[in-house]
Amino acid sequence: MGKRTPSIALLVTAALTVAGCGGGATPNAGETATAPLDADSVSGGITVLTNRTDLVQDGTMKKYAAEFNKTYPKVKVKFEAITDYEGEVKIRMNTENYGDVLLIPGAVAKGDYPKFFAPLGTAASMRAKYLFTDKTDVDGKIYGIGTFGTANGLVYNKALWKKAGITDWPTTSRQFLADLRTVKDRTGATPYYTNFKDGWPLSSPWTNSVGSVSCDSKASDKLAEMDDPWSKGTDLNALDTLLHDIVHEKLSEKDPTTTNWESSKTLLAKGEIGSMMLGSWAVNQMRAAAEQAGRSPDDIGFMPVPAQTVGQFCATLVSDYQQAVNIHSEHKEAARAWIDWFTEKSGYSAKEGAVSVLRSAKLPETLKEYVDNDVKMVERSELKTAEVNAIDDASEIGLNKQDYRQKLVDVARGAQGGSLQDYFDELNRRWSEARQTAGS
């Protein structure tokens with residue numbers, strides 16, 4: 001059965017210190033969404049905004065609410081599933097009507113959190129219990145609790161790689177490329193799939209891996225202090241060079257403009273695709289696709305980014321959306337009760353195969369291979385997220401958007417002119433210039 005799964009607290013290299021990021025006093029800013037002491041005294045109707053339209057449509061969220069009501073019978077929970085979550089909620093936040101509980105949209109500046117969300121507690125009191133508290137820490141107060149965490153790496157079809165004669169994880173980018181070539185030559189499958197058309201698989205999964213190459217929890221924070229984050233030796237250089245070389249060496253799909261995320265899950269499950277850079281949250285989805293295709297879910301594996309530090313693989317551990325309480329909610333205590341219950345009692349993260357934000361929780365079965373092979377989990381610091389985002393916005397690069405890596409893919413396949421180094425020089429110039437106006 002492999003090694004005994006340790007708790008997250010034993011595996012995670014946590015960020016060291018927590019610092020505030022601005023944001024002045026606002027009306028009701030001091031009104032904390034306090035964790036209730038007496039469940040019977042908590043009452044009121046709350047609306048929970050969610051991006052999980054699938055879980056609302058299939059009744060899963062309704063079942064969670066029913067379980068919640070066994071502890072909090074006087075709270076009525078209503079769910080509002082939103083397909084274009086980022087776009088719609090950003091607009092609704094111009095009013096006071098954006099639910100009682102919501103996932104913090106990426107468009108909201110960290111320093112503005114006190115204007116929109118009720119504080120949930122102090123950083124000092126919450127950091128010992130929860131992962132990722134620095135992501136919503138503003139002036140020593142926490143404004144959101146993560147839904148779950150995800151480790152980064154590559155979802156791959158183990159049966160396909162074994163058919164190609166590959167049983168060990170590659171430890172370098174060159175070895176990974178050689179393995180992809182072997183998969184292509186010996187099986188005829190597409191070794192790597194970019195999901196270029198959907199876009200998002202080229203953004204966050206790759207950017208979230210910053211820190212995996214260097215095994216540095218503060219690698220993302222350091223971008224705020226760098227003029228040339230794509231220079232040789234940096235995580236971004238290593239990751240984007242790897243993506244470029246995969247495409248340039250024709251180890252990805254023939255026409256990236258025709259990719260499809262939903263169908264790619266079935267293709268990987270059936271062994272027609274070899275691998276994709278994704279978060280560990282995707283493992284269960286791929287295993288479900290394998291079962292639906294009549295294949296074994298055990299064929300689906302998860303490997304770390306092909307890089308080692310002092311002979312050890314590392315994987316960044318990053319937070320998914322953060323749950324927050326609307327500062328204008330009339331039922332803040334009930335809203336906080338939902339967040340606490342959903343985080344600690346619902347079993348949601350385990351069912352999703354994701355990492356619980358509770359430090360005391362065990363890692364999910366989806367990361368068993370990481371545990372058995374001593375992959376070091378590195379909790380990515382978010383202390384300087386506000387500064388990094390400001391520079392990123394001013395540079396118009398979009399580290400967490402699809403455009404810049406879509407251009408990278410186009411350069412690699414010859415659809416746009418220029419070389420990889422030309423593109424890195426351009427990115428470094430834009431980043432450096434943006435730091436002069438938006439950065440430190």
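Keep in mind that this is a model prediction, so the values were computed, not measured.
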Mind checking whether [X] and [Y] have side chains closer than 4.5 Å, heavy atoms only?
X: Val155; Y: Ile300; answer: yes
X: Leu420; Y: Leu408; answer: yes
X: Ser212; Y: Val378; answer: no
X: Asp372; Y: Glu369; answer: no
X: Asn195; Y: Gln402; answer: no
X: Phe148; Y: Thr343; answer: no
X: Thr172; Y: Gln308; answer: no
X: Leu239; Y: Val213; answer: yes

Salt bridge check: are [X] and [Y] linked by an N-O gap of less than 4.0 Å?
X: Glu379; Y: Lys135; value: no
X: Glu396; Y: Lys401; value: no
X: Glu426; Y: Lys407; value: yes
X: Arg127; Y: Asp134; value: no
X: Glu382; Y: Lys218; value: no
X: Asp221; Y: Arg380; value: no

State whether a side-chain donor-acceptor pair under 3.5 Å links [X] with [Y].
X: Thr122; Y: Ser125; result: yes
X: Thr194; Y: Glu253; result: yes
X: Asp235; Y: Ser214; result: yes
X: Asp422; Y: Ser419; result: yes
X: Tyr85; Y: Arg52; result: no
X: Asp58; Y: Thr60; result: yes
X: Tyr130; Y: Glu344; result: yes
X: Thr171; Y: Gln175; result: yes
X: Lys265; Y: Gln285; result: yes
X: Trp230; Y: Asp240; result: yes

- By side chain to side chain donor-acceptor pair (under 3.5 Å), which residues pair with Arg295, not counting sequence neighbours?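 With neighbours one apart ignored, the set is empty.
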- Partners of Asn389 by side chain to side chain donor-acceptor pair (under 3.5 Å), sequence neighbours excluded?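 Residues passing side chain to side chain donor-acceptor pair (under 3.5 Å) with Asn389: none at all.
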Identify, with sequence neighbours excluded, every residue that meets side-chain contact (heavy atoms from CB on, under 4.5 Å) alongside [X].
X: Ala151; result: Ser280, Leu317, Leu367, Tyr370, Met377
X: Arg181; result: Lys184, Asp185, Glu249, Leu251
X: Asp410; result: Phe196, Arg413, Ala415, Gln416

Testing the basics here: between [X] and [Y], what is the closest heavy-atom pair and its distance to 0.1 Å?
X: Phe302; Y: Asn152; result: CZ-C, 3.7 Å
X: Ser264; Y: Tyr193; result: CB-CE2, 3.3 Å
X: Gln436; Y: Asp227; result: NE2-OD1, 3.9 Å
X: Ile391; Y: Ala434; result: O-CB, 3.4 Å
X: Trp338; Y: Met61; result: CZ2-CE, 4.2 Å
X: Ile166; Y: Asp179; result: CD1-O, 3.4 Å

- Task: Hey, can you tell me if Tyr348 and Phe342 have their rings parallel, tilted or perpendicular (30° and 60° cut-offs)?
- Result: tilted
- Message: Classify the ring geometry of His244 against His248: parallel below 30°, tilted from 30° to 60°, perpendicular beyond 60°.
- Response: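 The arrangement is parallel - the two ring planes meet at less than 30°.
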- Task: Go through Arg405 and Thr207 one step at a time and tell me if the side-chain hydrogen bond (donor to acceptor under 3.5 Å, both in side chains) criterion holds.
- Result: CA-CA 10 Å; Arg405 284 200 183 92; Thr207 298; 2.9 Å; yes
Nearest 0.5 Å, please: how far is [atom2] in [Y] from [atom1] in [X]?
X: Met277; Y: Ser209; atom1: CE; atom2: OG; result: 4.5 Å
X: Ile82; Y: Arg92; atom1: CD1; atom2: CZ; result: 5.0 Å
X: Leu131; Y: Ser360; atom1: CG; atom2: OG; result: 9.5 Å

- Message: Between Asn208 (side chain only) and Ser204 (backbone N and O only), is there a donor and an acceptor less than 3.5 Å apart?
- Response: yes
- Query: Checking salt bridge (Lys or Arg N to Asp or Glu O under 4.0 Å) for the pair Glu387/Lys110: CA distance, chi angles, key distance, verdict?
  - Reply: CA-CA 9 Å; Glu387 294 94 321; Lys110 187 175 181 180; over 6 Å; no
- Message: For the aromatic rings, using the six-membered ring if either is Trp, is the centroid distance between Tyr404 and Trp431 under 6.0 Å?
- Response: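 No, the ring of Tyr404 stays outside the 6.0 Å limit from the ring of Trp431, centre to centre.
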- Which pairs with one or both residues in residues 157-169 pass side chain to side chain donor-acceptor pair (under 3.5 Å), sequence neighbours excluded?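 Applying side chain to side chain donor-acceptor pair (under 3.5 Å) to every pair that reaches into residues 157-169, excluding sequence neighbours, yields Tyr156-Trp169.
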- Message: Please determine whether side-chain hydrogen bond (donor to acceptor under 3.5 Å, both in side chains) holds for the pair Thr257 and Asp255, giving the CA-CA distance in whole Å, both sets of side-chain angles, and the decisive distance to 0.1 Å.
- Response: CA-CA 5 Å; Thr257 64; Asp255 184 358; 2.6 Å; yes
- Item | Steps toward side chain to side chain contact (heavy atoms under 4.5 Å, CB included) verdict (Val48, Lys78) | CA-CA 6 Å; Val48 178; Lys78 173 187 175 184; over 6 Å; no
- Message: Before you tell me yes or no, could you show the steps for Trp281 and Tyr321 under ring-ring contact (aromatic ring centres under 6.0 Å, His included), namely the whole-Å CA-CA distance, both residues' side-chain angles and the distance that decides it to 0.1 Å?
- Response: CA-CA 13 Å; Trp281 57 266; Tyr321 272 119; over 10 Å; no
- Among Arg430, Arg435, Arg429, salt bridge (charged side-chain N to carboxylate O under 4.0 Å, His left out) partner for Glu433: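 Of the listed options, the one satisfying the test is Arg429.
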- Query: What's the verdict on side chain to side chain contact (heavy atoms under 4.5 Å, CB included) for Met276 and Met286, showing C-alpha distance, side-chain angles and the deciding distance?
  - Reply: CA-CA 11 Å; Met276 292 188 276; Met286 300 297 175; 3.3 Å; yes
- Can you check side chain to side chain contact (heavy atoms under 4.5 Å, CB included) on Lys90 and Tyr98, steps first, answer last? CA-CA 9 Å; Lys90 180 175 65 174; Tyr98 45 94; over 6 Å; no
- Does the side chain to side chain contact (heavy atoms under 4.5 Å, CB included) test come out yes or no for Thr366 and Arg287, once each step is laid out? CA-CA 10 Å; Thr366 50; Arg287 289 177 176 171; 4.1 Å; yes
